Amino acid sequence: MADLETHMSPFTAQTPATQTPTTLTIDGDAVTAEKTFDVINPATGETFATAPETTVEHVDAAFDAAARAFPDWRADEDARRATLRAMADAVDAAAGAVAPVLTAEQGKPLSESQRELRTAALWLRYYADLEREREVIRDDRDALVEVVRRPLGPVAAIAPWNFPITIGVAKVAPALRAGNTVVWKPSPFTPLSTLMLGEALRAVAPAGVLNVITGGGEIGAAMTAHPLTRKISFTGSTATGKKIAAAASADLKRLTLELGGNDAAIVLDDADPGRVAERLFATAFSNSGQVCVAPKRVYAARSVLPALVDALAERARAAKVGDGADPATELGPINNAPQRDRVAELVADALARGAVAAAGGKAIEGPGYFFEPTILTGVGDGVRIVDEEQFGPALPVIAFDDVEDALARANASTFGLGGSVWSGDADRATAVAARLESGMSWVNTHTALSAGQPFAGVKWSGLGVEGGLWGLDGFTDIKLIHRAR
Ligand code: NAD
């Protein structure tokens with residue numbers, strides 16, 4: 001704790017005042033609400049702004065607008081591409097105003113918020129430019145047979161609080177490019193940055209094509225049950241994902257679910273512990289561990305474990321924890337009090353069961369939802385922080401003697417999002433990585449993502465794919481056209 005206090009920044013927050021109250025975007029209009037709800041800055045634990053509270057009537061109005069806009073929007077692909085490019089420019093133009101608000105409501109360092117906005121513009125340009133080849137599957141004397149992709153209609157895009165903008169735009173961009181219209185809802189913990197983006201995009205997208213509303217579980221449920229919704233694209237917890245799958249079944253709405261993860265990182269006996277620790281720390285503690293596809297449990301060969309733990313602990317103790325608005329901050333707070341409490345509970349449970357904190361181990365006293373960057377050893381499978389998704393700045397490191405055993409333990413999970421294997425011999429590591437039961441496997445890195453590659457979880461980590469052509473296809477149905485000759 002003493003170490004950490006040294007590294008807690010003395011910076012005092014100047015949270016950005018949102019000059020004018022943010023508005024919902026429905027049918028191209030700025031829409032106000034009768035009620036508002038508080039938005040808390042996790043670095044201070046205090047309310048710094050309010051957001052308009054969406055009603056079920058707003059949900060109806062948003063989907064009505066999306067349905068009305070659909071026929072014209074689906075009709076002209078060139079216009080859609082041009083609009084997506086203009087949207088990317090609008091995101092770039094708004095980034096300076098939105099990034100500090102994203103930091104204030106989410107907690108992440110300002111440079112990370114700026115990066116989120118750049119990434120959002122990149123996704124819009126990527127999908128504007130993506131080429132899809134014509135799919136002729138037969139062309140002979142008797143027939144011309146072709147597969148075409150058709151948009152679905154109004155899409156419900158529902159995002160979590162860890163990357164409100166990137167995750168939202170990663171749905172909006174392919175959905176719109178494919179010819180659908182969208183109703184986008186961020187998490188009630190981080191509503192403002194998305195509302196501000198809606199305001200910036202209002203001038204660019206035709207009315208009704210992109211609607212932005214707020215709300216929590218009830219409004220999310222109203223979106224997923226809405227009779228006009230043809231597709232739900234959801235990122236969030238596995239528990240909510242299962243409820244959404246049940247809601248979608250009533251009228252067979254199309255579904256993409258990007259859910260929780262408990263990624264294993266397997267460090268083989270020939271890995272360089274210092275190099276591995278540097279990269280493992282960067283990926284496991286990025287966004288203060290609040291990343292779906294981050295390393296969340298490390299299985300290390302017994303021979304490299306002590307050096308690896310030492311290097312990780314040293315890195316954790318050196319990390320600058322503080323308000324994301326402070327340029328010196330490396331790790332911000334946990335986004336909200338319930339999540340901070342959950343991380344604290346999982347770490348305390350591990351310590352009570354004999355784990356040793358090589359670094360950190362508890363919440364940081366004072367205002368805000370800060371937690372010491374924590375490295376745990378002496379912990380194993382069957383302990384909650386190993387078996388469950390912690391989603392915070394605490395990483396357990398577990399010893400193994402046999403690679404087959406490590407693989408079996410990594411795979412003994414209902415989650416299957418990502419995973420990684422670390423070794424001086426990339427081929428050896430790749431052979432192990434290929435056997436991880438995960439939608440994504442990395443070698444000597446983790447969480448390496450790009451718009452053009454598939455992002456997908458197996459088992460309870462998801463259903464369907466985002467990114468690349470796979471992500472575009474997820475917003476379409478297939479249609480066969482067979483022309484006899
Ligand atoms: P959450 O499931 O609590 O909420 C996500 C969103 O769903 C929010 O906008 C929320 O308001 C809404 N919601 C809640 N109940 C709903 C319902 N019944 N119907 C429709 N919508 C509803 O998740 P969270 O706590 O915001 O996010 C953290 C979780 O998200 C973690 O488990 C993390 O792993 C996961 N996540 C996954 C990915 C991925 O791509 N696989 C990415 C980021 C986060």
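Each ligand, and each atom within it, is numbered from 1 in the order the structure gives. Just so it is clear, the structure is predicted and the values come from calculations on it, not from any experiment.
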Query raised in the report: F63 vs H226 aromatic rings, parallel, tilted or perpendicular, using cut-offs 30° and 60°?
Result: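 Parallel.
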Query raised in the report: Which class fits the ring pair W123 and Y126: parallel under 30°, tilted 30 to 60°, perpendicular over 60°?
Result: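 The arrangement is perpendicular - the two ring planes meet at more than 60°.
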Query raised in the report: Which of the atoms of ligand 1 are close to G260, meaning less than 4.0 Å from one of its heavy atoms?
Result: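 Those atoms are 32 (O), 34 (O).
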Query raised in the report: Hey, which atoms in ligand 1 end up nearer than 4.0 Å to a heavy atom of F234?
Result: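 With F234 as reference, the close atoms of ligand 1 come out as 2 (O), 5 (C), 6 (C), 7 (O).
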Query raised in the report: Do any pairs count as a ring-ring contact (aromatic ring centres under 6.0 Å, His included) and have a residue in residues 198-217, sequence neighbours left out, and if so which ones?
Result: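 Every pair satisfying ring-ring contact (aromatic ring centres under 6.0 Å, His included) with a residue in residues 198-217: there are none.
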Query raised in the report: What's the spacing between L463 CG and L257 CG if we round to 0.5 Å?
Result: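 Here the interatomic distance stands at 5.0 Å.
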Query raised in the report: Excluding sequence neighbours, so at least two apart, what forms side chain to side chain contact (heavy atoms under 4.5 Å, CB included) with I478?
Result: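 By the side chain to side chain contact (heavy atoms under 4.5 Å, CB included) rule, I478 matches V147, R149.
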Query - Backbone or side-chain N or O of T238 under 3.5 Å from ligand 1 N or O - result: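 N/O-N/O distance under 3.5 Å: no.
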Looking only at protein heavy atoms, which one is nearest to [atom], and what is the separation?
atom                    : result
atom 28 (C) of ligand 1 : F391 CE2, 3.7 Å
atom 32 (O) of ligand 1 : E389 OE1, 2.8 Å
atom 26 (O) of ligand 1 : W161 CD1, 3.1 Å

Query raised in the report: For atom 4 (O) of ligand 1, is some protein heavy-atom partner under 4.0 Å away?
Result: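 No, no protein heavy atom sits under 4.0 Å from atom 4 (O) of ligand 1.
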